[in-house]
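Atoms within a ligand are numbered from 1 in the order they appear, just like the ligands themselves.
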Amino acid sequence: MLAGMSSPILTRRELLRGGAVLLGLPFVPSFGPRHRPRPARFRADPFALGVASGDPRHDGVVLWTRLCPQPLAPDGGMAAEAVEVGWELATDDGMRQVVAKGTVAALPELAHAVHVELDGLAPERHYWYRFRAGDAVSPIGRTRTFPVPAAMPARLRFAFASCQHWEQGLYTAYADMARQDPDFVVHLGDYIYEYAGTDGLVRKHIGGKLTELADYRLRHAQYRSDPLLHGMHAQCPWFVTWDDHEVENNYADAASERAGVSPEAFLRQRAAAYRAYYEAMPLRRASLPQGPAMRLYRQASFGRLAELFVLDTRQYRTDQPNGDGRRPLNAAARDPRNTLLGSEQKRWLWERLAASPATWNVLAQQVIMGLLSYPPPKAKAGEPEDPARRYSMDQWPGYAHERAELLRFLAERKIANPIVLTGDVHANFVLDLRVDDAVASEPIVATEFVGTSISSGGDGSDAAKELAALQPHNPGLRHLDRHRGYVLCEVDAQEWRSDYRIVDVVTRPGGTTTCAASFTVRAGRPGVVA
Ligand code: FE
Ligand code: CA
């Protein structure tokens with residue numbers, strides 16, 4: 001845990017005043033005759049999805065819950081009316097020293113989710129919180145504020161995770177993460193999967209393939225009903241970002257992967273998916289979706305030790321060149337018009353990176369940035385062999401020009417110690433990044449830590465043979481493993497260490513989690529330490 005628990009905290013009165021300001025937010029409706037909440041009575045625990053907190057700053061954090069007494073029922077077991085929800089924030093785990101409290105309306109328009117955006121809190125300390133609705137009381141959640149921007153904290157310890165297919169495995173990795181007790185969690189996407197329920201797997205999705213708001217809401221509720229998942233949310237704040245499956249596999253901006261779906265129809269689906277995602281996550285009001293648009297890219301300062309840039313590589317990207325699969329790095333993949341970030345996010349990222357005072361500059365994003373090359377597939381009988389190596393067109397190689405621009409920017413502007421965090425591929429990789437990864441003589445600019453899935457893909461395997469076959473063609477490739485798990489990062493001003501924690505089995509309970517490998521980067525010396 002971090003030092004600084006003795007930081008002075010605001011007085012109870014100051015904070016209660018802060019709470020009153022909070023309640024004046026336009027997001028919280030005034031209860032007119034049409035919206036008057038009645039005293040709620042629930043047939044089952046309305047806090048079955050638990051509680052969560054997110055997007056911490058030095059002076060505030062978002063508290064979240066969603067009233068949902070029947071997570072597996074179409075409407076969550078709630079009538080279509082507003083319900084008053086009380087919240088309390090305390091400085092002790094027994095909720096005796098309450099320093100802020102208030103009430104908010106849980107609205108049917110937002111699936112009875114509430115987002116309480118707090119400020120005026122003391123930096124670098126734990127807080128505990130709970131909600132009340134009618135006579136029901138939520139579990140107590142714990143959250144944490146960040147150090148003040150000017151501070152140089154001694155260390156940072158956080159976990160990152162991705163890809164938690166409900167049907168393919170259990171969330172055993174989160175039990176280990178809870179024991180490791182990180183300061184915060186970063187989730188890099190594929191939080192849910194949109195596919196229809198399939199028989200014969202570990203668990204089963206309710207319903208068909210997701211396209212409508214009610215379907216996306218129910219899927220989020222089903223996933224969050226898992227006690228290991230909502231238990232981890234209750235333990236510390238999270239930063240979340242999405243990849244593709246929160247909406248649909250391999251979508252790109254307004255382009256569905258399904259033939260014959262118009263951009264208009266897909267944007268309607270995307271609006272439903274984004275809204276359900278906002279409702280399910282502890283996000284700030286700045287992320288409240290407007291139709292099919294939702295601002296998810298954002299920044300957080302952990303003092304001057306680390307600057308976290310949370311990116312969105314789905315909403316603004318151009319369509320994948322050459323289809324979504326592995327193809328040669330041809331002219332279409334190198335087309336300078338291809339973009340993963342979109343022009344606004346790109347401008348924002350360049351500006352913020354250039355202004356960052358942090359020792360470590362962390363890009364928390366979705367798809368592999370390394371120019372990772374794979375052998376060509378065997379030619380079909382009678383067809384000529386194409387010996388060109390293959391690259392994933394859904395990942396940064398399909399946007400090779402923008403990728404090179406970003407790495408050149410990091411190098412030329414001497415952005416301090418860039419670290420890239422990645423999900424998506426259900427495998428652990430460690431990659432040293434160069435402007436052109438194929439040229440071993442080029443200087444290393446950054447290191448990419450790719451984290452495996454929590455559950456997607458079921459029980460995994462090691463990949464030593466595959467690693468040995470790929471390494472001669474990929475000079476930056478340092479590690480590959482295909483087990484399930486997550487990555488725990490411990491960071492101070494001298495050193496970044498990523499521990500790859502893997503689970504031996506996720507298709508039945510009782511899996512054991514161990515640290516399979518650790519990789520270190522020293523500040524001021526790009527590349528993982530050999
Ligand atoms: Fe995935
Ligand atoms: Ca994905």
Side-chain angles (χ1 to χ4, degrees), residues 160-174 185-196 198 201-203 205 209-210 216 219-220 222-223 226 229 240-253 255-258 266 269-270 273-274 277 280-281 296-297 310-317 319-320 323-326 340-341 363-370 372 391-399 420-429 448-461 463 480-487 502-503 506-507:
F160 72 93
S162 63
C163 295
Q164 48 195 35
H165 199 302
W166 177 261
E167 298 186 318
Q168 295 176 356
L170 302 173
Y171 296 163
T172 312
Y174 283 125
V185 175
V186 181
H187 198 289
L188 299 174
D190 291 0
Y191 191 99
I192 59 163
Y193 283 77
E194 81 281 18
Y195 299 118
T198 310
L201 298 174
V202 178
R203 304 187 274 193
H205 283 154
K209 191 166 189 237
L210 308 181
Y216 283 105
R219 188 61 55 84
H220 274 286
Q222 184 178 23
Y223 274 55
D226 186 293
L229 178 57
V240 297
T241 185
W242 52 39
D243 190 26
D244 50 341
H245 289 289
E246 284 84 352
V247 182
E248 180 184 285
N249 181 53
N250 285 3
Y251 81 96
D253 189 359
S256 167
E257 68 164 352
R258 288 169 295 148
F266 184 69
Q269 178 183 342
R270 192 176 99 174
Y274 282 10
Y277 184 82
M281 297 298 163
L296 198 57
Y297 65 86
V310 181
L311 306 184
D312 174 356
T313 61
R314 284 289 162 193
Q315 187 172 180
Y316 315 105
R317 67 157 76 189
D319 202 9
Q320 293 89 345
D324 304 354
R326 288 179 187 167
L340 263 189
L341 298 172
L363 306 185
Q365 53 97 55
Q366 293 78 21
V367 290
I368 290 187
M369 195 175 286
L372 197 56
Y391 299 78
S392 170
M393 294 295 115
D394 186 55
Q395 300 166 15
W396 282 90
Y399 305 80
V420 180
L421 307 180
T422 303
D424 179 47
V425 290
H426 313 167
N428 290 315
F429 287 84
E448 178 173 24
F449 294 108
V450 182
T452 189
S453 59
I454 290 287
S455 59
S456 305
D459 297 333
S461 59
L480 171 57
D481 172 85
R482 295 189 179 276
H483 283 94
R484 306 289 78 85
Y486 71 98
V487 183
I502 62 169
V503 187
V506 295
T507 53

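Distance alone, capped at 3.5 Å, places no donor-acceptor pair between the Gln365 side chain and the Leu311 backbone. In terms of modelled atom types and a separation under 3.5 Å, the side chain of Glu448 and the main chain of Met369 share a donor-acceptor contact. The closest donor-acceptor contact from the side chain of Asp243 to the backbone of Gly189 lies at 3.5 Å or more, if one exists at all.
Residue Asp394 is tested with Arg326, Gln366, Arg317 for a side chain to side chain contact (heavy atoms under 4.5 Å, CB included); the sole match is Arg317.
Relative to the ring axis of Tyr223, Arg203 does not place its NZ or CZ within 45° and under 6.0 Å from the centre.
Judged as a ring pair (Phe, Tyr, Trp, His ring centres under 6.0 Å), and not counting sequence neighbours, the contacts of His245 are Tyr193, Tyr195. For Tyr274, the ring pair (Phe, Tyr, Trp, His ring centres under 6.0 Å) test picks out Trp242, with sequence neighbours left out.
Around the Ca ion (ligand 2), protein atoms of type N, O or S found under 3.0 Å number 4.
Around the Fe ion (ligand 1), the protein contributes the following N, O or S atoms at distances under 2.8 Å: Cys163 SG, Asp190 OD2, Tyr193 OH, His426 NE2.
Between Thr507 and Asp459, the side chains place a donor N or O and an acceptor N or O closer than 3.5 Å (distance only, hydrogens not considered). Looking only at atom types and distance, the side chain of Ser453 has no donor-acceptor partner in the side chain of Gln164 under 3.5 Å away.
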